[in-house]
Undergrad: 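Here you go, one structure.
In what follows, every heavy atom counts, from backbone to side chain, and hydrogens, waters and symmetry copies are set aside. We name chains A, B, ... by the order of the sequence lines, and we start the count at 1 in each one.
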Protein chains: 2
Amino acid sequence: MTQLPDSIEDSVISAILGGRLRPGTRLGEAKLAEVYGVSRTRVREAMMRLETRGIVHVSARRGWFVVEPSATEARAAFQARRVIETGMLRDLQALPGRSLPGDAVAHLRAHVEEEREALHTGHVGSRTCLLGDFHIHLAHAFGNAFLTDILRDLTARTTLVSMLYQSDQDAAASSDDHAGIVTLLADGDFVGAARLMDEHIRRVEDGLDLAAAPDPLAGLREILSPGAPA
Amino acid sequence: MTQLPDSIEDSVISAILGGRLRPGTRLGEAKLAEVYGVSRTRVREAMMRLETRGIVHVSARRGWFVVEPSATEARAAFQARRVIETGMLRDLQALPGRSLPGDAVAHLRAHVEEEREALHTGHVGSRTCLLGDFHIHLAHAFGNAFLTDILRDLTARTTLVSMLYQSDQDAAASSDDHAGIVTLLADGDFVGAARLMDEHIRRVEDGLDLAAAPDPLAGLREILSPGAPA
DNA sequence: CGCACCAATCTTGTATACAAGACTGTTGAG
DNA sequence: CTCAACAGTCTTGTATACAAGATTGGTGCG
């Protein structure tokens, strides 16, 4: 299902969303250049593109780092998503003729099913990634490439946060919300879907303990935990 | 009022929005490097950042070009703006306590006054630029940096189109819409403002003759018109 | 023992060199 | 006269070299 990334950018994003690269991780140009078998030039290009997309940031002459959204930034990202995603759904209601493509509801239903499985079997990374993907797929069904791209980057940021702070039961509740949204969409009740989407994103945001500062030593602890390879 | 751009990116954007760089204009790396007194490296960085923002695009081994949104892309950009801007205004209504900052309405009113003057005295570039700026200022007042940045780039694209296709009377009507929106905001009627915003953006979009293909020879014609310098 | 200072090393920032492809103008055949 | 082939020129794509600043580890003074 997951296609292998063809560009450095996609590869890094995929690693971040998959939980293999944690927020705050340093991305050395030389290291990446070696990994991808290219010169620093192309790595720098990719990093700068990711920077304008808000995925990484650069600290002058120190290196590139996966963004660590502050509590304030995280809340702003959630608000932006709420505005856009509810706006999209309400826009569907505005024009009587407008609607989602015929197979959209079926696709979304299948996706929710995938979420369900990941909740039981998968680990935090794939679970959180799938929960974020639901919103991307919904945006895709809406059919506006600009909004899809925007939501992809915005969701990446909130996913980054959710992965650190979301509990198992909150993840399950999220998936239930998704199922409810799909049901409303199937009924053509876009305003209802918009309302539930608004509640859903608020719930996810409120469920995260953003006040609790992340553990800056998490990476170190993991490495130093018993059983870790030298 | 207009601050001089400190970066290559801002300089190019400012030139585009000011009408000094038309859609489709080629931006040679060597030329820009000479103009800004830097090497091609930094010019390329700026171009790639602008590319991820959708302002320019690259044609392999041919050069960088100011984007020329197709009719389809233009409509999508307008739709995205409609979704986001109306979503923002409705979000203000959602929470009873929420509101714009105290001085926001006054600022916006002053801006509309500026638009009025530009309609009479200014040329198409500054006029169109100001009409777009209204929306940026409104987004800024909303207070979400993500949405402000997103709308800045999105508005840049629609502005690009408006500059080519908008008539004088449509520009005046736009400014009237802006004034109406400010009035509704002053009354705290955010839903009404959202509705008017929706109509406004639709009106602007409908006013443009997007079906009419742009004249690819416009630049040439201007140069070859009688009285042009050799 | 603690702390400030300093040198060595490492990393990014910027420029330059060279390779690869695209366009242009010419030339020659039909 | 028309058109196809080709060489020359120009432009971007990629790699490499060097400069500037940051970090780290050591050293000596208090």
Side-chain angles (χ1 to χ4, degrees), chain A residues 5-13 15-16 20-68 216-221 223-224 230, chain B residues 4-13 15-16 20-68 215-221 223-224 230:
Chain A
D6 49 351
S7 72
I8 298 176
E9 287 169 69
D10 290 343
S11 170
V12 170
I13 289 182
I16 291 175
R20 303 192 300 281
L21 281 177
R22 299 175 68 87
T25 305
R26 179 170 171 278
L27 301 169
E29 293 182 5
K31 290 267 180 64
L32 290 177
E34 195 173 359
V35 167
Y36 291 107
V38 296
S39 78
R40 276 180 51 216
T41 306
R42 294 186 56 191
V43 172
R44 275 181 70 80
E45 288 181 3
M47 288 299 121
M48 275 180 296
R49 285 196 156 98
L50 288 177
E51 190 185 29
T52 72
R53 293 173 61 182
I55 309 292
V56 305
H57 74 102
V58 64
S59 175
R61 289 196 165 76
R62 282 178 17 85
W64 300 88
F65 299 85
V66 179
V67 290
E68 294 180 278
L217 303 178
L220 263 182
R221 278 189 222 287
I223 291 172
L224 297 177
Chain B
L4 66 158
D6 48 352
S7 71
I8 298 176
E9 287 168 70
D10 290 343
S11 171
V12 171
I13 289 182
I16 292 175
R20 303 191 299 281
L21 282 177
R22 298 176 69 86
T25 304
R26 179 168 171 279
L27 301 169
E29 293 182 4
K31 290 267 180 65
L32 290 176
E34 194 174 0
V35 168
Y36 292 107
V38 296
S39 80
R40 275 180 51 215
T41 306
R42 294 187 57 192
V43 172
R44 274 181 70 79
E45 288 181 2
M47 287 301 120
M48 275 181 295
R49 286 195 154 99
L50 288 177
E51 190 186 28
T52 73
R53 294 173 62 183
I55 309 292
V56 305
H57 74 103
V58 65
S59 175
R61 287 192 165 79
R62 284 181 12 87
W64 301 89
F65 299 85
V66 178
V67 291
E68 295 180 279
D215 184 358
L217 303 177
L220 264 182
R221 279 190 221 287
I223 291 170
L224 297 176

Undergrad: Nearest 0.5 Å, please: how far is CD in B:Glu29 from CZ in B:Arg42?
TA: 14.0 Å

Undergrad: Nearest-Å distance, CD (A:Glu34) to P (C:dT12)?
TA: 13 Å

Undergrad: Mind checking whether B:Arg44 and B:Thr41 have side chains closer than 4.5 Å, heavy atoms only?
TA: no

Undergrad: I need the minimum non-hydrogen distance between A:Glu68 and A:Gly24, along with the two atoms involved.
TA: CG-N, 3.3 Å

Undergrad: Expressed as a whole number of angstroms, how long is the span from A:Glu51:CD to C:dT12:P?
TA: 13 Å

Undergrad: Backbone N or O of A:Glu51 within a donor-acceptor pair of the B:Arg49 side chain at under 3.5 Å?
TA: no

Undergrad: Taking all heavy atoms of B:Phe65 and all of B:Ser59, pick out the closest pair and write down the distance.
TA: CE1-CB, 3.9 Å

Undergrad: Please work out which residues in residues 36-49 of chain B have a non-hydrogen atom less than 4.0 Å from an atom of DNA chain D and list them by number.
TA: B:Arg40, B:Arg44

Undergrad: Taking only N/O atoms, report every protein-nucleotides 5-8 of chain C pair under 3.5 Å with atom names and distance.
TA:
none

Undergrad: Would a 4.5 Å heavy-atom cut-off, applied to side chains only, mark A:Val12 and A:Met47 as touching?
TA: yes

Undergrad: Within the 4.5 Å heavy-atom criterion, are A:Leu32 and A:Ile8 side-chain neighbours or not?
TA: no

Undergrad: Please check: side-chain N/O of A:Arg26 versus main-chain N/O of A:Arg62, any donor-acceptor pairing under 3.5 Å?
TA: yes

Undergrad: Minimum heavy-atom separation for B:Arg22 to B:Val66, with atom names?
TA: O-CB, 3.5 Å

Undergrad: What are the two closest heavy atoms between A:Ala33 and A:Arg40, and how far apart are they?
TA: CB-N, 4.0 Å

Undergrad: For nucleotides 5-11 of chain D, read 5' to 3', which letter fits each nucleotide if B means a protein heavy atom sits under 4.0 Å from the base, S means only the sugar-phosphate is that close, and - means neither?
TA: ------S

